[in-house]
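Source: prediction; values computed, not measured. Reckoned from all heavy atoms, side chains included, excluding hydrogens, waters and symmetry mates. The first residue of the sequence shown is numbered 1, and numbering continues consecutively from there.
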Amino acid sequence: MSGSGEMAPAARQSRRRRVIICASFAVLVLLLLAAVAAIVLLAVLRPRDPTTELLSANATGAAPRVTFPTVSVQLNVTFLLVVRVRNPNPASFRYGEAATTLLYRGAPVGSAVVPAGPVPSRGTTTMRLGMMVQADKVVEAAGIGGLLGDVLAGEMEFEARTDVKGRVTFLGFVKRNAQGRSACRIAIGVPDVKVRRQECHNEARL
């Protein structure tokens, strides 16, 4: 009887150790699952860069003319741009007013604004922009000599910068700011006012 009485505490202690080991193992598994879930959640909730893409660029109007002896610049050129905004996120993206600035020799000579709107999850939206080149701004940017040089060379190069700022909303309540930008160089011929080439690149900031 005394032998079985001595074994009972040892058995209880052994069972207690097994319970502790099993509980520790269960807690470890739960912590690992929680870590994996957190990593997956962060990966899902991390917004990807929205991108803008220039689908087409056209120019209409009359080539620049410089008259003498009284120096006068006549310029009537309008750019028609079609820009696509792509949202690669598995959540909606809503942007505010999207602005496109037209530059000539680094100075702004025209602009356009598109009203705010949404871009669906993993979807796209298309913007159509019309920008008239301001003749006085072109003269200020290049001067008469620089403008004459471009006209005689038969080509004028402009740059169109599009800036789209918005917010990505995950799960209906997690919101992150996002900003997509693109810069396109567009060269038009003189005097035909036709787009000869265009080159674009994107950048995004979250």
Please enumerate all residues that pass ring-ring contact (aromatic ring centres under 6.0 Å, His included) together with Tyr95, with sequence neighbours excluded.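 By the ring-ring contact (aromatic ring centres under 6.0 Å, His included) rule, Tyr95 matches no residue at all.
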If the condition is side chain to side chain contact (heavy atoms under 4.5 Å, CB included), which residues does [X] pass it with, not counting sequence neighbours?
| X | result |
| --- | --- |
| Ala187 | Glu155, Arg197 |
| Ala135 | Leu75 |
| Ser111 | none |
| Glu199 | none |

For Ile188, is there any backbone N or O sitting under 3.5 Å from a side-chain donor or acceptor partner on Arg196?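 Side chain of Arg196 to backbone of Ile188, a donor-acceptor pair under 3.5 Å: no, none is there.
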Using modelled atom types and a 3.5 Å cut-off, is there a donor and acceptor pairing between side-chain atoms of Asn76 and backbone atoms of Gly61?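 Here the side-chain-to-backbone pair does not exist.
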Side chains of Phe158 and Val77 in contact at under 4.5 Å (non-hydrogen atoms):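 Phe158 does not reach Val77 side chain to side chain.
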Contact between Val164 and Val119 at the side-chain level, heavy atoms closer than 4.5 Å - yes or no?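 They are not in contact (no side-chain heavy atoms under 4.5 Å apart), so the answer is no.
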I need the minimum non-hydrogen distance between [X] and [Y], along with the two atoms involved.
| X | Y | result |
| --- | --- | --- |
| Pro88 | Arg122 | O-NH1, 3.3 Å |
| Arg94 | Pro118 | NH1-CD, 3.6 Å |
| Ala91 | Ser121 | N-OG, 3.4 Å |
| Leu80 | Gly130 | CD2-CA, 4.2 Å |
| Leu103 | Pro108 | CD2-N, 4.1 Å |
| Ala57 | Leu81 | CB-CD2, 3.6 Å |

Once side chain to side chain donor-acceptor pair (under 3.5 Å) is applied, do any residues pair with Asn58, and if so which ones, sequence neighbours excluded?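 Checked Asn58 against side chain to side chain donor-acceptor pair (under 3.5 Å); zero matches.
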Measuring from Leu102:CG to Met132:CE, what's the distance to the nearest 0.5 Å?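 Separation between the atoms: 12.0 Å.
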In Å and rounded to the nearest 0.5 Å, what is the CZ to SG distance from Arg161 to Cys200?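 Interatomic distance, Arg161 CZ to Cys200 SG, rounded to 0.5 Å: 11.5 Å.
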Which pairs, with at least one residue in residues 97-106 and sequence neighbours excluded, count as a side chain to side chain donor-acceptor pair (under 3.5 Å)?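 Checked against side chain to side chain donor-acceptor pair (under 3.5 Å) - neighbours excluded - the pairs reaching residues 97-106 are Thr100-Thr162, Tyr104-Asp150, Arg105-Asp150.
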I need the full list of side chain to side chain donor-acceptor pair (under 3.5 Å) pairs touching residues 133-147, with sequence neighbours left out, sorted by first then second residue.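 Qualifying pairs, neighbours excluded: none.
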Could you tell me which residues satisfy salt bridge (charged side-chain N to carboxylate O under 4.0 Å, His left out) with [X], sequence neighbours excluded, listed by chain and number?
| X | answer |
| --- | --- |
| Arg84 | Glu53 |
| Arg167 | none |
| Asp163 | Arg181 |

Under the ring pair (Phe, Tyr, Trp, His ring centres under 6.0 Å) definition, can you give me all pairs with a residue in residues 113-140, not counting sequence neighbours?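 Every pair satisfying ring pair (Phe, Tyr, Trp, His ring centres under 6.0 Å) with a residue in residues 113-140: there are none.
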Side-chain heavy atoms under 4.5 angstrom apart, residues restricted to Ile, Leu, Val, Met, Phe, Trp, Tyr: same cluster for Leu148 and Val138?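 Yes, Leu148 connects to Val138 through the hydrophobic network.
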Using the side chain to side chain contact (heavy atoms under 4.5 Å, CB included) rule, pick out the option among Val85, Val114, Asn87 that qualifies with Thr125.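 Looking at Val85, Val114, Asn87, the match for Thr125 under the side chain to side chain contact (heavy atoms under 4.5 Å, CB included) is Val85.
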